[in-house]
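Report on the following structure.
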Amino acid sequence: MKDKARVSLLLAWAVLGLVGLGMGQQVPRPKLRVVATLPVLADLARQVGGDHVQVVSLGKGQEDPHYVTPTPSLMQAVRRADLFIEVGMSLEMWAVNVLDGAGNKRVRRESKGHVYASEGIPVLEVPVSMTRAKGDLHPNGNPHLWVDPVRLGLMARNIEKGMERVRPSEARWFQEGYVAFQKRLDLAIYGPELVKLLGGKVLNRLALSGKLQSFLKRKYKGKPLSARLGGFLKLAAPLRGRKILFYHQNWIYFSTRFGLEVRGFVEDKPGITPSASHKLKLMEQIKAEKIKVLGTATWNDDSVPNALARETGIQVVPLPAMVGATKDAPDSISMIRALITRLLNGYSKG
Ligand SMILES: [Zn+2]
């Protein structure tokens with residue numbers, strides 16, 4: 001009896017509380033609960049959604065994005081999520097198990113609360129043959145889009161659209177969040193002078209079509225536009241034309257953006273550990289072509305790269321291929337800066 005009385009008292013308070021809120025202030029909407037497969041997507045979601053979103057990432061910065069095992073508590077987060085974000089393109093083959101296991105209809109693939117961050121983004125290395133070679137991890141083209149800062153913006157846009165879809169009442173907030181992020185990104189890529197002169201949209205379009213470098217040779221007020229270039233593209237200019245080896249094929253968007261000449265990979269094929277003969281071939285190639293730097297992701301097995309370094313003197317440069325992989329890559333824009341800086345250091349030693 002006593003308990004019952006207490007319950008009704010609590011109820012009365014609750015009702016009074018709601019009425020009070022209704023008269024005075026707005027009832028705050030709960031934050032949009034976002035689950036991302038990878039830290040880079042979680043970062044983009046935070047950049048766009050600000051304090052209207054609560055974001056968790058299933059994968060960690062030091063984990064290979066192809067192979068993530070989410071913990072039960074993360075599965076629980078998917079169960080309650082309003083929005084689920086993955087790259088797609090068969091990168092996170094493990095994500096379908098998470099979505100099935102969580103049984104949250106609102107965020108299932110093809111539903112309103114699900115986002116493929118790669119949607120509509122131009123992709124490279126699409127296989128010509130339809131047969132999926134055994135062990136090949138990239139059957140739909142290269143999914144490692146986020147190491148290109150220009151594509152980071154396109155991914156953020158896709159995420160913004162997803163947020164708008166599930167919370168139309170906060171559309172304006174998400175749009176403004178995206179626009180602010182895109183502006184920070186444009187300034188970081190091209191520097192303030194070119195952004196002011198041409199605008200981020202034009203620059204990004206030129207960059208994506210591969211015409212930016214030739215366009216920047218044009219003269220404006222007596223000097224080539226390239227003289228006004230700042231940001232990552234200026235910082236990374238010494239990398240242009242340098243030969244490099246990588247461990248896994250997750251750098252094509254980075255090397256294309258900054259003009260590195262990729263001469264080969266430690267893996268025989270994406271996801272396939274190098275054979276002894278492949279290792280030997282690489283050793284000869286490094287010596288013959290005088291390749292100075294081998295870039296690895298922090299989660300790659302370093303035994304073969306280290307053996308190559310001992311034999312040839314090549315500099316092995318561990319790179320943050322994911323937000324949070326290293327201390328100098330806490331968010332997506334600093335990740336790009338860290339990649340460039342680490343490679344520049346590698347060549348200065350090599
Ligand atoms: Zn891959």
Side-chain angles (χ1 to χ4, degrees), residues 124-125 142 144-152 188-191 194 203 206-217 224-268 270 274 278-279 281-298 300 302 304-322 325-326 328-329 333-350:
L124 299 171
E125 295 179 340
N142 195 307
H144 300 272
L145 303 161
W146 60 91
V147 286
D148 172 17
V150 179
R151 283 175 173 81
L152 275 177
I189 300 171
Y190 308 102
L194 270 190
L203 289 165
L206 285 164
L208 279 168
S209 62
K211 291 176 186 147
L212 184 66
Q213 291 304 315
S214 57
F215 181 84
L216 292 179
K217 289 188 184 127
L225 284 166
S226 58
R228 297 167 194 273
L229 189 64
F232 294 151
L233 283 167
K234 187 179 184 183
L235 180 68
L239 298 179
R240 208 157 277 281
R242 307 279 329 230
K243 288 177 189 162
I244 192 161
L245 288 183
F246 283 118
Y247 191 99
H248 174 69
Q249 292 187 18
N250 52 331
W251 303 103
I252 182 70
Y253 301 104
F254 181 87
S255 53
T256 307
R257 181 64 55 227
F258 299 108
L260 280 162
E261 196 187 321
V262 184
R263 302 300 299 152
F265 300 92
V266 172
E267 285 179 342
D268 274 348
H278 183 61
K279 201 171 101 183
K281 208 192 88 199
L282 285 173
M283 227 171 257
E284 281 160 18
Q285 190 192 2
I286 293 166
K287 287 178 192 159
E289 297 186 13
K290 299 186 172 61
I291 305 170
K292 302 286 183 210
V293 166
L294 194 178
T296 62
T298 43
N300 291 145
D302 56 6
V304 175
N306 287 343
L308 292 173
R310 278 194 303 275
E311 291 292 330
T312 67
I314 197 167
Q315 287 286 324
V316 177
V317 180
L319 297 167
M322 178 56 64
T326 53
D328 51 355
I333 292 180
S334 16
M335 174 187 69
I336 303 290
R337 187 177 298 112
L339 293 174
I340 297 168
T341 313
R342 282 166 178 251
L343 286 170
L344 289 171
N345 281 342
Y347 284 106
S348 74
K349 286 181 210 153

Would you say [X] and [Y] make side-chain contact, with heavy atoms under 4.5 Å?
{"X": "L260", "Y": "V293", "answer": "no"}
{"X": "M322", "Y": "W146", "answer": "yes"}
{"X": "L229", "Y": "L225", "answer": "no"}
{"X": "I286", "Y": "R263", "answer": "no"}
{"X": "E267", "Y": "Y247", "answer": "yes"}
{"X": "F258", "Y": "L233", "answer": "yes"}
{"X": "L216", "Y": "P224", "answer": "no"}
{"X": "D328", "Y": "T341", "answer": "no"}

What are the two closest heavy atoms between [X] and [Y], and how far apart are they?
{"X": "H278", "Y": "F265", "value": "NE2-O, 2.8 Å"}
{"X": "I333", "Y": "A188", "value": "CG2-CB, 3.9 Å"}
{"X": "V317", "Y": "G346", "value": "CG2-CA, 3.8 Å"}
{"X": "P320", "Y": "A338", "value": "CG-CB, 3.9 Å"}
{"X": "T298", "Y": "P318", "value": "CG2-CB, 4.5 Å"}
{"X": "E289", "Y": "K243", "value": "O-NZ, 3.3 Å"}

Please confirm whether the backbone N or O of L124 pairs with a side-chain atom of Y253, one donor and one acceptor, at under 3.5 Å?
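Yes; at least one donor-acceptor contact below 3.5 Å.
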Rounded distance [0.5 Å steps], [atom1] in [X] versus [atom2] in [Y]:
{"X": "E311", "Y": "M283", "atom1": "CD", "atom2": "CE", "value": "4.5 Å"}
{"X": "L282", "Y": "K287", "atom1": "CG", "atom2": "NZ", "value": "12.0 Å"}
{"X": "I244", "Y": "E261", "atom1": "CD1", "atom2": "CD", "value": "11.0 Å"}
{"X": "F246", "Y": "N300", "atom1": "CZ", "atom2": "CG", "value": "11.0 Å"}
{"X": "I336", "Y": "R257", "atom1": "CD1", "atom2": "CZ", "value": "10.0 Å"}
{"X": "L145", "Y": "N250", "atom1": "CG", "atom2": "CG", "value": "11.5 Å"}

H144 and H248 aromatic ring geometry - parallel, tilted or perpendicular at 30°/60° bounds:
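Taking H144 first and then H248, their aromatic rings stand perpendicular (interplane angle over 60°).
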Could you walk me through whether N142 and W251 pass the side-chain contact (heavy atoms from CB on, under 4.5 Å) test, one step at a time?
CA-CA 9 Å; N142 195 307; W251 303 103; over 6 Å; no
In terms of heavy-atom contacts, does NZ of K279 have more than 12 from other residues, nucleotides or ligands at under 6.0 Å?
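No.
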Would you say K281 has more than 12 foreign heavy atoms packed within less than 6.0 Å of its NZ?
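No, the 6.0 Å shell around NZ holds no more than 12 heavy atoms from other groups.
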Evaluate the side-chain contact (heavy atoms from CB on, under 4.5 Å) criterion for residues R242 and K292: first the C-alpha distance (whole Å), next the side-chain angles of each, then the deciding distance (0.1 Å), finally the verdict.
CA-CA 9 Å; R242 307 279 329 230; K292 302 286 183 210; 4.2 Å; yes
Among L319, L343, D148, V262, which residue satisfies the side-chain contact (heavy atoms from CB on, under 4.5 Å) criterion with F254?
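Among L319, L343, D148, V262, the one that satisfies the side-chain contact (heavy atoms from CB on, under 4.5 Å) with F254 is L343.
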Show, in sequence, the C-alpha distance, side-chain angles and deciding distance for T296 and V266, and conclude whether the side-chain contact (heavy atoms from CB on, under 4.5 Å) test is met.
CA-CA 9 Å; T296 62; V266 172; 5.9 Å; no
I'd like to know whether I291 forms a side-chain contact (heavy atoms from CB on, under 4.5 Å) with I314, so could you lay out the CA-CA distance, the side-chain angles of the two residues, the decisive distance to 0.1 Å, and finally the verdict.
CA-CA 7 Å; I291 305 170; I314 197 167; 4.1 Å; yes
